[in-house]
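Okay, so here's the structure we're looking at.
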Amino acid sequence: MKLIISFALVFLISSSLFASEKLSGVRGWFISAPEALYLHGQGAVFVDARDGIKVSTFSKSVPLGWQEISQKEFPNQGNLVHTSEAKELLRKKGLDANKIVLVFGDPTGGWGEEGRIVWSLRTLGFSKAFIVDGGINALLKASNSPVPNRPEIFSKINVSVSENKNWSADSKLIQSELSDKKFAFIDTREEREFLGQTPYGESRGGHLPGAKWIYYKQFLDKDGYLLSESKIVSKLYELGISKDKTVISYCTGGVRSGWMTSVLVSLGYNAKNYAGSMWEWSSKGDQNHPLVTR
């Protein structure tokens, strides 16, 4: 009997510790689902970033695909369209830079589209744009419980509004800083891509010389929630990536790396997204745009 009780206590304690790792409230560009529902009740707008969603069925959400505000022609389809064009499209969608925008996706089944959208919105001046941690499933789960009263959350949101940084990198910056020890580069793609395969249309295979491989979903738990800060920072530290470096992330077209950049910025790193990524880089001459496979 004592053994059973002891086992039960251990299970409860470990479950409590595991649960406590999930985000509560606001951390950088991320917000928990219960707080997102509270803000929505106060006038915030939900954006459904899931791929292929034309009409969102969740709480009058605005469907927005990352491609809608990106260039259309290869190899530049990872890059944002001109700022004025993007802002006009967002205006027609009913999105206002002065309002709180809560973006959700499908973290376990998607490509990090919610991170790409929030990176795009922040870059375009939407300083109150946030990723809903856990995505659509977290919102559906939270909707089954009473919405919490969290008026204090506005003070945290207003702090983030003061940010005015450049979270973008282009090929010229990468060319000039590729060998600079003050910079770190993260390849957020699948391992097969890192090692040279080109399943998504890159002109050449491989990765940037010196880049570290971190598949972006390594920073998610099995349910699609962001890992604890300590786990993420520890992983980065193991790879020699510290907060005194400028961290540039890339993927195929700036989607997965947009999500990674959102995470890094939220944890206090000086982070940038190379939106053009491998579609753009691999299309250029290999002499000035090197790639390696090991």
Side-chain angles (χ1 to χ4, degrees), residues 21-70 86 89-90 93-97 99-124 126-148 150 153-154 156-157 160 188 216-217 219-227 254-267 273:
E21 290 189 348
K22 288 187 172 62
L23 173 64
S24 178
V26 176
R27 180 191 296 154
W29 295 2
F30 283 77
I31 188 168
S32 59
E35 280 69 21
L37 290 172
Y38 167 75
L39 290 174
H40 182 248
Q42 304 299 310
V45 178
F46 275 126
V47 167
D48 190 337
R50 290 176 294 170
D51 186 41
I53 298 294
K54 301 300 182 184
V55 178
S56 181
T57 57
F58 183 80
S59 199
K60 299 181 180 179
S61 301
V62 176
L64 178 63
W66 66 271
Q67 300 95 332
E68 295 182 65
I69 49 178
S70 301
L89 185 146
L90 294 170
K93 289 267 188 178
L95 299 178
D96 184 339
K99 287 190 175 183
I100 299 171
V101 181
L102 308 166
V103 184
F104 65 89
D106 176 11
T108 57
W111 291 74
E113 294 94 341
E114 62 273 29
R116 164 70 183 215
I117 291 292
V118 167
W119 169 81
S120 300
L121 291 174
R122 292 269 179 164
T123 298
L124 293 167
F126 286 69
S127 57
K128 299 178 184 178
F130 295 90
I131 299 166
V132 179
D133 189 32
I136 182 62
N137 289 333
L139 285 170
L140 292 173
K141 182 178 179 180
S143 297
N144 292 325
S145 301
V147 176
R150 296 283 192 270
I153 204 168
F154 286 102
K156 295 182 179 180
I157 289 173
S160 70
T188 66
Y216 82 102
K217 285 189 178 180
F219 287 166
L220 292 170
D221 70 14
K222 64 180 180 62
D223 297 315
Y225 291 92
L226 191 63
L227 294 182
V255 179
R256 293 170 286 185
S257 55
W259 186 91
M260 179 67 78
T261 300
S262 298
V263 172
L264 295 174
V265 169
S266 298
L267 298 182
N273 179 27

Fill in: side-chain contact (heavy atoms from CB on, under 4.5 Å) between F130 and R122, worked out
CA-CA 9 Å; F130 295 90; R122 292 269 179 164; 3.5 Å; yes
Fill in: Separation of I100 CD1 from I157 CD1 (nearest 0.5 Å)
4.0 Å
Worksheet item: When rounded to the nearest 0.5 angstrom, what is the spacing between CG in L124 and CG in L90?
Response: 6.5 Å
Fill in: Polar contact flag, side-chain donor to acceptor under 3.5 angstrom, D48-S61
no
Worksheet item: Atom OG in S32, atom OH in Y38: separation rounded to 0.5 Å?
Response: 13.0 Å
Worksheet entry | From CZ (F46) to NZ (K60), nearest 0.5 Å | 13.0 Å
Discussion item. Show, in sequence, the C-alpha distance, side-chain angles and deciding distance for I131 and V263, and conclude whether the side-chain contact (heavy atoms from CB on, under 4.5 Å) test is met.
Written reply: CA-CA 10 Å; I131 299 166; V263 172; over 6 Å; no
Discussion item. When you measure from the side chain of K93 to the backbone of P63, do you find a donor-acceptor pair of N or O atoms at a distance under 3.5 Å?
Written reply: yes
Discussion item. Nearest 0.5 Å, please: how far is CG in L64 from CZ in R116?
Written reply: 10.5 Å
Fill in: Shortest non-hydrogen contact between R150 and P148, atoms and distance
NH1-CB, 3.4 Å
Worksheet item: Out of curiosity, W111 CH2 to D51 CG, how far, rounded to the nearest 0.5 Å?
Response: 9.5 Å
Item to complete: With the side chain counted from C-beta on, respond yes when L139 and L102 share a heavy-atom pair under 4.5 Å apart, and no when they do not.
Response: no
Practice prompt. Kindly give the heavy-atom pair with the smallest separation between I117 and G65, and that separation in Å.
Written response: CD1-C, 4.0 Å
Fill in: Heavy-atom closest contact (L227 atom, R27 atom, distance)
O-NH1, 4.1 Å
Worksheet item: Partners of W119 by ring pair (Phe, Tyr, Trp, His ring centres under 6.0 Å), sequence neighbours excluded?
Response: none
Discussion item. Could you check whether any side-chain N or O of N273 sits under 3.5 Å from a backbone N or O of G254, counting only pairs where one atom can act as donor and the other as acceptor?
Written reply: yes
Practice prompt. Might you work through the side-chain contact (heavy atoms from CB on, under 4.5 Å) test for V45 and K128, ending with a clear yes or no?
Written response: CA-CA 11 Å; V45 178; K128 299 178 184 178; over 6 Å; no
Response to the item:
Residues at least two apart in sequence or cross-chain that pass ring pair (Phe, Tyr, Trp, His ring centres under 6.0 Å) with Y216, listed by chain then number, are W259
Discussion item. Using only atom types and a distance under 3.5 Å, with no angle test, would you say the side chain of D223 pairs donor to acceptor with the backbone of Y225?
Written reply: no
Worksheet, complete the sentence: In terms of heavy-atom contacts, F104 and E114 come closest through C-CB, 4.0 Å
Worksheet entry | F58 vs S143, side-chain contact (heavy atoms from CB on, under 4.5 Å): CA-CA, chis, key distance, verdict | CA-CA 10 Å; F58 183 80; S143 297; 3.9 Å; yes
Fill in: Set of side-chain hydrogen bond (donor to acceptor under 3.5 Å, both in side chains) partners for D133, sequence neighbours left out
none
Item to complete: Check S257 against T188 and note the closest heavy-atom contact, atom names and distance.
Response: N-OG1, 3.5 Å
Fill in: Shortest non-hydrogen contact from I136 toward R50
CG1-NH1, 4.0 Å
Worksheet entry | Side-chain donor or acceptor of K217 paired with backbone N/O of T108 under 3.5 Å | yes
